[in-house]
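Worksheet: one structure, shown below.
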Amino acid sequence: MPEEQSQTTMAVDELQAIIQRCQILEESDFRGEDFNLFQVAGQKCLEDGYAAQLLEVIQNEKNKVIIKNMGWNLISPLVRCILAYKQEDDKQEHCLKILDQLVQLCNPKELFLGLLEQIEQTSGEQVCPTVMLLLQPLQTVLLKLQNKKAYSVGLSLAMIMNQLTPLPVPYTKQQIQEDKLGLCRCCNAVVDFAKPFVNEVVKNMEKSSEYNDMELKEELLKFCMKSLKYPLLTAHLEQLEGIEEHPFRHFATEIIDILQDIRELMPLVFIHHKGRRSYWENQEFEDIERKNSADSLACLSYLMFVQHFGINCFPMVFSPSYLLQCNMTHIEVLLNRTEESMLSKGLDLFESCLLRMEDNSLSHQYLEFRDFINVPQDLVKVMTLCPMEYLRKKSLNMLQLFIDKFDAEGKYTLFRCLLKTSNHAGVQGYIIQKIKDQIHLSLTKAHDNVWFTGHHLISLLDLVLFLPEGAETDLLQNSDRIMASLNLLRYLVIKDCESENQTGVWTILAKIEKNFLKPLHVGLNMSKAHYEAEIKNKRENRRDANNSNTVCSLTVSEEKMPAMTTEMQLQLLYL
């Protein structure tokens with residue numbers, strides 16, 4: 001007999017010997033040693049490629065009690081073998097049949113723990129294949145459980161989502177089509193896994209309007225909230241040409257449908273600000289949960305108001321200003337992130353809310369809400385710090401749109417706030433230009449606008465027509481602000497003649513001269529003297545510099561630029 005056949009016979013014979021010994025024992029007489037021997041022998045049969053023989057043993061009616069008690073121990077080696085074999089391999093087919101038999105025969109509680117353990121232990125590229133393999137068996141086992149079903153369903157969904165979360169979410173069209181790790185397919189498979197339990201909750205709610213068994217419903221709600229944060233908050237959810245059914249759009253639709261079915265969609269959209277009951281005594285854990293919840297709710301609002309998922313069940317009775325108020329918290333959450341997908345979602349949600357409103361219709365009283373002050377400041381951060389040009393441009397457009405929606409007092413208050421909080425000269429120059437536009441409207445309209453004329457305007461000009469550090473202000477750094485201020489002052493003295501003095505600027509000219517024009521004049525002279533001295537110094541040292549080939553180096557964004565000769569430095573100083 002060949003050595004290989006001998007080893008094979010030994011593995012099968014060992015298994016048969018253990019089976020025969022256990023067949024004569026009562027179920028209560030099974031010992032720990034029996035479990036271990038069965039697991040080792042079964043594993044050896046699988047690893048040696050003799051799944052067919054193991055399948056015969058499991059299908060034998062005489063072994064039903066043994067498999068019921070011991071079969072779950074084979075889950076780990078069984079999963080390894082199924083994933084290792086190619087799809088067309090007969091051995092894989094035998095292993096899949098074994099798995100199906102174990103699901104039918106084993107103790108549900110023990111098999112549940114065995115399946116969950118396999119999901120917990122997987123990592124990296126094996127996560128999605130393992131989860132996809134075990135979802136159907138796990139669902140079947142959960143449906144058999146009588147006690148603690150809600151807890152077990154929640155534990156399963158939480159474990160699956162925790163394993164998926166570290167995986168990168170496909171973002172580009174090519175990444176979504178390739179689905180290299182299988183995440184797109186896996187997410188939608190998880191939704192199918194949850195559907196029987198959703199149906200159970202729906203059925204129970206239909207039976208009684210006072211549905212009190214909230215545990216399973218709460219577990220499904222937790223799953224939906226986790227799904228909103230990952231992968232949907234990160235995913236690209238716009239329609240993509242060439243992809244007939246976008247997997248993440250389909251996933252989003254399913255999550256919204258679950259929330260609607262369990263009657264949690266509208267409460268999440270509108271009642272969340274009242275706060276949900278906390279389950280944590282530890283403040284750190286509670287803060288983490290609150291942050292995760294904020295991310296999920298922001299994504300939910302984006303799905304509804306931008307992508308219009310679930311909009312068919314949305315009551316069309318709310319005013320645009322109320323919808324904006326409800327969404328400002330979510331917009332702030334998204335704009336405080338640095339990831340492209342989240343920033344773009346925040347800007348899109350903001351745009352969607354603002355476009356519902358008429359210009360000049362938003363009351364200044366909304367600026368009493370913290371979010372209405374924080375969001376424009378967040379827009380400024382994106383405008384000045386975001387490395388992606390299209391997001392910077394969109395942020396500027398959204399700031400302008402936001403300003404347009406306010407009444408005159410709201411615009412006035414917002415301008416004051418942004419001038420005080422923004423340290424970016426370009427942004428300050430932009431705001432000063434917007435102030436000039438409002439003054440122009442006030443002077444050309446038939447009725448006076450008290451907020452951009454008279455004493456209100458004078459108070460605003462105190463923030464505009466001054467140098468932050470007097471004559472020592474860095475004029476180059478603040479050039480955008482200074483030029484906009486000078487342009488505004490020129491406009492005022494030309495447009496508003498001294499005899500009418502609607503703006504009040506003629507009343508404070510002496511103050512403007514003292515606090516702005518005179519320090520600016522001194523600062524310009526100081527700068528001029530500084531550059532003249534630099535030019536003189538370069539000229540005197542030109543010969544020495546040429547002899548020694550002295551150059552000036554410059555680094556921009558950690559990239560070294562071409563060296564500047566002394567002649568080039570002189571040309572720059574003349575500019």
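When reading the values below, keep in mind they use all heavy atoms of this one structure, side chains included, and skip hydrogens, waters and symmetry mates. These numbers come from a predicted model, not from an experiment.
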### Message
side chain to side chain donor-acceptor pair (under 3.5 Å) for H440 and Y491? Distances and angles first, verdict last.
### Response
CA-CA 9 Å; H440 179 72; Y491 170 82; 2.7 Å; yes
Donor-acceptor under 3.5 Å ([X] side chain, [Y] main chain):
{"X": "R249", "Y": "E238", "value": "no"}
{"X": "H424", "Y": "V427", "value": "yes"}
{"X": "W506", "Y": "S499", "value": "no"}
{"X": "D179", "Y": "C184", "value": "yes"}

Which one of [options] satisfies the side-chain contact (heavy atoms from CB on, under 4.5 Å) criterion with [X]?
{"X": "T234", "options": "S341, P170, C299", "answer": "S341"}
{"X": "L183", "options": "N188, V127, I176, L167", "answer": "L167"}
{"X": "L335", "options": "L349, N374, L347", "answer": "L347"}
{"X": "I255", "options": "L300, L265, L228", "answer": "L228"}

### Query
CD/E513 to CG/L517 distance, rounded to the nearest 0.5 angstrom?
5.0 Å
### Point-to-point distance, once rounded to the nearest 0.5 Å, from NZ of K381 to CG of N336
6.0 Å
[X] with [Y]: basic N within carboxylate O range, under 4.0 Å:
{"X": "E332", "Y": "R370", "value": "yes"}
{"X": "K345", "Y": "D348", "value": "no"}
{"X": "E389", "Y": "K393", "value": "yes"}
{"X": "E358", "Y": "K405", "value": "no"}

### Query
Under the side chain to side chain contact (heavy atoms under 4.5 Å, CB included) criterion, do V464 and L489 qualify, and how do the steps go?
CA-CA 10 Å; V464 174; L489 181 58; over 6 Å; no
Report, as yes or no, whether the 6.0 Å neighbourhood of atom [atom1] on [X] holds more than 12 heavy atoms from other residues, nucleotides or ligands.
{"X": "M483", "atom1": "CE", "result": "no"}
{"X": "E472", "atom1": "CD", "result": "no"}
{"X": "K495", "atom1": "NZ", "result": "no"}

### Message
Angle between ring planes, W451 versus Y412, binned at 30° and 60°: parallel, tilted or perpendicular?
### Response
tilted
### Message
Does the plane of the ring in F350 sit parallel, tilted or perpendicular to the ring in F402? Use 30° and 60° as the thresholds.
### Response
tilted
### Working for side chain to side chain donor-acceptor pair (under 3.5 Å), residues R392 and T384
CA-CA 7 Å; R392 295 198 302 270; T384 56; over 6 Å; no
### Residue that, paired with E178, satisfies side chain to side chain donor-acceptor pair (under 3.5 Å) out of Q175, K180, Q174
Q174
### Message
Show, in sequence, the C-alpha distance, side-chain angles and deciding distance for Y366 and S321, and conclude whether the side chain to side chain donor-acceptor pair (under 3.5 Å) test is met.
### Response
CA-CA 9 Å; Y366 279 94; S321 58; 3.2 Å; yes
### Query
Can the positive tip of K411 be found less than 6.0 Å from the middle of the six-membered ring of F406, inside 45° of the ring normal?
no
### Query
Given Y390 and E340, is the side chain to side chain donor-acceptor pair (under 3.5 Å) satisfied, shown in steps?
CA-CA 10 Å; Y390 84 97; E340 178 184 3; 2.7 Å; yes
